[in-house]
Amino acid sequence: MKDLNIRERKNIKETWKVLAPNIHEFAFSFYSNLHSLDSSLVPSFENEFEIIKQGDKALYVLGFVVASLDNLIVAREGIKKALESIFNDHQYIQKSDDQKVMKACLQAMKSTLRGLWTKEIAISWYRLLTLILAVTMESKIEFESQII
(Lines give C-alpha, C1' and ligand atoms only; values in the text may rest on other atoms or scores of the structure.)
Protein backbone atom coordinates (compact mmCIF):
# COMPACT_ATOMS: atom_id res chain seq x y z
CA MET A 1 0.00 0.00 0.00
CA LYS A 2 1.26 3.44 -0.89
CA ASP A 3 0.77 6.53 1.23
CA LEU A 4 -2.01 8.98 0.40
CA ASN A 5 -1.32 11.02 -2.68
CA ILE A 6 -1.99 14.73 -3.09
CA ARG A 7 -5.39 14.16 -4.72
CA GLU A 8 -6.54 11.81 -1.93
CA ARG A 9 -5.46 14.28 0.75
CA LYS A 10 -7.33 17.06 -1.09
CA ASN A 11 -10.47 14.88 -1.35
CA ILE A 12 -10.39 14.17 2.37
CA LYS A 13 -9.78 17.79 3.36
CA GLU A 14 -12.61 19.07 1.13
CA THR A 15 -15.17 16.51 2.27
CA TRP A 16 -14.12 16.96 5.90
CA LYS A 17 -15.38 20.57 5.65
CA VAL A 18 -18.87 19.13 5.05
CA LEU A 19 -18.61 16.11 7.35
CA ALA A 20 -17.31 17.96 10.44
CA PRO A 21 -20.35 20.22 10.98
CA ASN A 22 -22.58 17.16 10.52
CA ILE A 23 -20.61 14.84 12.81
CA HIS A 24 -23.59 13.97 15.01
CA GLU A 25 -25.60 12.88 11.97
CA PHE A 26 -22.56 10.80 11.01
CA ALA A 27 -22.37 9.25 14.51
CA PHE A 28 -26.04 8.24 14.54
CA SER A 29 -25.70 6.80 11.03
CA PHE A 30 -22.50 4.95 11.96
CA TYR A 31 -24.07 3.21 14.96
CA SER A 32 -27.21 2.41 12.99
CA ASN A 33 -25.10 0.86 10.22
CA LEU A 34 -22.93 -1.03 12.71
CA HIS A 35 -26.05 -2.34 14.46
CA SER A 36 -27.33 -3.63 11.11
CA LEU A 37 -24.02 -5.37 10.42
CA ASP A 38 -23.45 -6.79 13.92
CA SER A 39 -25.50 -5.55 16.85
CA SER A 40 -23.04 -7.08 19.34
CA LEU A 41 -20.50 -4.41 18.37
CA VAL A 42 -22.70 -1.48 19.39
CA PRO A 43 -22.39 -0.39 23.02
CA SER A 44 -25.52 0.05 25.10
CA PHE A 45 -26.21 3.76 25.11
CA GLU A 46 -28.28 5.11 27.98
CA ASN A 47 -29.63 7.91 25.81
CA GLU A 48 -29.00 9.91 22.64
CA PHE A 49 -26.57 12.17 24.49
CA GLU A 50 -24.13 9.24 24.73
CA ILE A 51 -24.09 8.92 20.93
CA ILE A 52 -23.57 12.67 20.63
CA LYS A 53 -20.56 12.36 22.96
CA GLN A 54 -19.15 9.65 20.66
CA GLY A 55 -19.70 12.01 17.73
CA ASP A 56 -17.72 14.68 19.56
CA LYS A 57 -14.86 12.20 20.06
CA ALA A 58 -14.99 11.27 16.37
CA LEU A 59 -14.88 14.98 15.48
CA TYR A 60 -11.75 15.42 17.58
CA VAL A 61 -9.96 12.31 16.29
CA LEU A 62 -10.83 12.68 12.62
CA GLY A 63 -10.16 16.42 12.79
CA PHE A 64 -6.73 15.73 14.23
CA VAL A 65 -5.99 13.16 11.52
CA VAL A 66 -7.22 15.42 8.71
CA ALA A 67 -5.14 18.30 10.07
CA SER A 68 -2.12 15.96 10.13
CA LEU A 69 -2.51 14.53 6.62
CA ASP A 70 0.65 16.16 5.34
CA ASN A 71 2.81 14.80 8.15
CA LEU A 72 1.29 11.60 9.51
CA ILE A 73 4.64 10.19 10.56
CA VAL A 74 4.91 12.94 13.19
CA ALA A 75 1.24 12.57 14.15
CA ARG A 76 1.36 8.78 14.72
CA GLU A 77 1.59 8.96 18.52
CA GLY A 78 -0.99 11.74 18.65
CA ILE A 79 -3.38 9.64 16.58
CA LYS A 80 -2.92 6.68 18.93
CA LYS A 81 -3.52 8.90 21.97
CA ALA A 82 -6.58 10.52 20.43
CA LEU A 83 -8.08 7.12 19.59
CA GLU A 84 -7.62 5.76 23.13
CA SER A 85 -10.82 7.33 24.45
CA ILE A 86 -12.89 5.94 21.58
CA PHE A 87 -11.45 2.46 21.89
CA ASN A 88 -11.91 2.45 25.66
CA ASP A 89 -15.64 2.77 24.97
CA HIS A 90 -15.50 -0.08 22.43
CA GLN A 91 -13.26 -2.65 24.10
CA TYR A 92 -15.30 -5.59 22.80
CA ILE A 93 -14.49 -4.76 19.18
CA GLN A 94 -11.71 -7.05 18.01
CA LYS A 95 -9.27 -6.76 15.13
CA SER A 96 -11.39 -9.31 13.28
CA ASP A 97 -14.26 -6.78 13.33
CA ASP A 98 -12.30 -4.10 11.49
CA GLN A 99 -14.05 -4.61 8.13
CA LYS A 100 -17.50 -4.28 9.72
CA VAL A 101 -16.44 -1.07 11.45
CA MET A 102 -14.91 0.21 8.21
CA LYS A 103 -18.07 -0.59 6.23
CA ALA A 104 -20.32 1.09 8.82
CA CYS A 105 -18.07 4.16 8.81
CA LEU A 106 -17.96 4.48 5.02
CA GLN A 107 -21.74 4.01 4.77
CA ALA A 108 -22.21 6.75 7.38
CA MET A 109 -19.90 9.06 5.45
CA LYS A 110 -21.78 8.35 2.24
CA SER A 111 -25.16 9.14 3.80
CA THR A 112 -23.80 12.27 5.54
CA LEU A 113 -21.97 13.63 2.49
CA ARG A 114 -24.83 12.74 0.12
CA GLY A 115 -24.15 14.14 -3.38
CA LEU A 116 -20.46 14.75 -2.68
CA TRP A 117 -19.82 11.01 -2.31
CA THR A 118 -18.11 9.53 -5.34
CA LYS A 119 -16.03 6.43 -5.91
CA GLU A 120 -12.88 8.57 -5.75
CA ILE A 121 -13.93 10.08 -2.41
CA ALA A 122 -14.78 6.62 -1.09
CA ILE A 123 -11.35 5.29 -2.03
CA SER A 124 -9.61 8.28 -0.43
CA TRP A 125 -11.44 7.81 2.88
CA TYR A 126 -11.02 4.03 2.73
CA ARG A 127 -7.27 4.41 2.39
CA LEU A 128 -7.12 6.91 5.26
CA LEU A 129 -9.26 4.69 7.51
CA THR A 130 -6.99 1.76 6.66
CA LEU A 131 -4.01 3.80 7.84
CA ILE A 132 -5.83 4.73 11.06
CA LEU A 133 -6.66 1.07 11.70
CA ALA A 134 -3.03 0.15 11.12
CA VAL A 135 -2.01 2.61 13.81
CA THR A 136 -4.61 1.38 16.27
CA MET A 137 -3.91 -2.29 15.65
CA GLU A 138 -0.12 -1.75 15.71
CA SER A 139 0.01 -3.22 12.22
CA LYS A 140 2.99 -2.70 10.02
CA ILE A 141 2.09 -1.31 6.62
CA GLU A 142 4.73 -0.80 4.00
CA PHE A 143 4.61 2.57 2.30
CA GLU A 144 6.52 4.05 -0.56
CA SER A 145 7.49 6.84 1.81
CA GLN A 146 6.85 6.08 5.45
CA ILE A 147 3.96 8.09 6.81
CA ILE A 148 2.73 5.84 9.61
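Positions are given from 1, in the same order as the sequence printed here.
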- Message: One pair to check against side chain to side chain contact (heavy atoms under 4.5 Å, CB included): Thr15 and Met109. What are the steps and the verdict?
- Response: CA-CA 9 Å; Thr15 54; Met109 285 180 175; over 6 Å; no

- Min side-chain heavy-atom separation Trp16-Trp125 under 4.5 Å: yes

- Task: First locate atom CG of Leu34, then atom OG of Ser40, and finally report the distance between them rounded to the nearest 0.5 Å.
- Result: 8.5 Å

- Query: Tell me, do Met102 and Thr130 make a side-chain contact under 4.5 Å, heavy atoms counted?
  - Reply: yes

- Item | Sequence neighbours excluded, every pair satisfying salt bridge (Lys or Arg N to Asp or Glu O under 4.0 Å) that has a member inside residues 24-36 | Glu25-Arg114

- Taking side chain as C-beta onward, heavy atoms only, is Val101 less than 4.5 Å from Phe30? yes

- Message: Applying salt bridge (charged side-chain N to carboxylate O under 4.0 Å, His left out) to Lys103 and Asp38, what does each step give before you reach the verdict?
- Response: CA-CA 11 Å; Lys103 184 173 183 178; Asp38 187 341; over 6 Å; no

- Message: Suppose we screen for side-chain contact (heavy atoms from CB on, under 4.5 Å). Which residues come up paired with Thr118, at least two apart in sequence or across chains?
- Response: Glu120, Ile121

- Could you check if a side-chain atom of Ile123 sits within less than 4.5 angstrom of a side-chain atom of Asn11, using non-hydrogen atoms only? no

- Item | Least distance between heavy atoms, Ser29 atom then Ala108 atom | OG-CA, 3.4 Å

- Does a side-chain heavy-atom distance below 4.5 Å link Leu129 with Cys105? yes

- Task: Take Ile52 and Phe28, measure what side chain to side chain contact (heavy atoms under 4.5 Å, CB included) needs, and give me the verdict at the end.
- Result: CA-CA 8 Å; Ile52 291 170; Phe28 280 96; 4.0 Å; yes

- Message: Could you tell me if the side chain of Trp117 sits less than 4.5 Å from the side chain of Thr112, heavy atoms only?
- Response: no

- Message: Just verifying a value: how many Å separate Leu116 CG and Lys17 NZ, rounded to the nearest 0.5 Å?
- Response: 12.0 Å

- Task: Kindly compute the distance separating CD (Gln107) from OG (Ser32), expressed to the nearest 0.5 Å.
- Result: 9.0 Å

- Task: Look only at the side chain of Ser39 and the backbone of His35, and say whether a donor-acceptor pair between them is shorter than 3.5 Å.
- Result: no

- Grab the two heavy atoms, one from Arg9 and one from Leu69, that are nearest each other, plus how far apart they are. CD-O, 3.4 Å

- Message: So Lys13 and Val66, do their side chains get closer than 4.5 Å, heavy atoms only?
- Response: yes

- If we only count heavy atoms from C-beta on, is the Arg127 to Ile12 side-chain gap below 4.5 Å? no

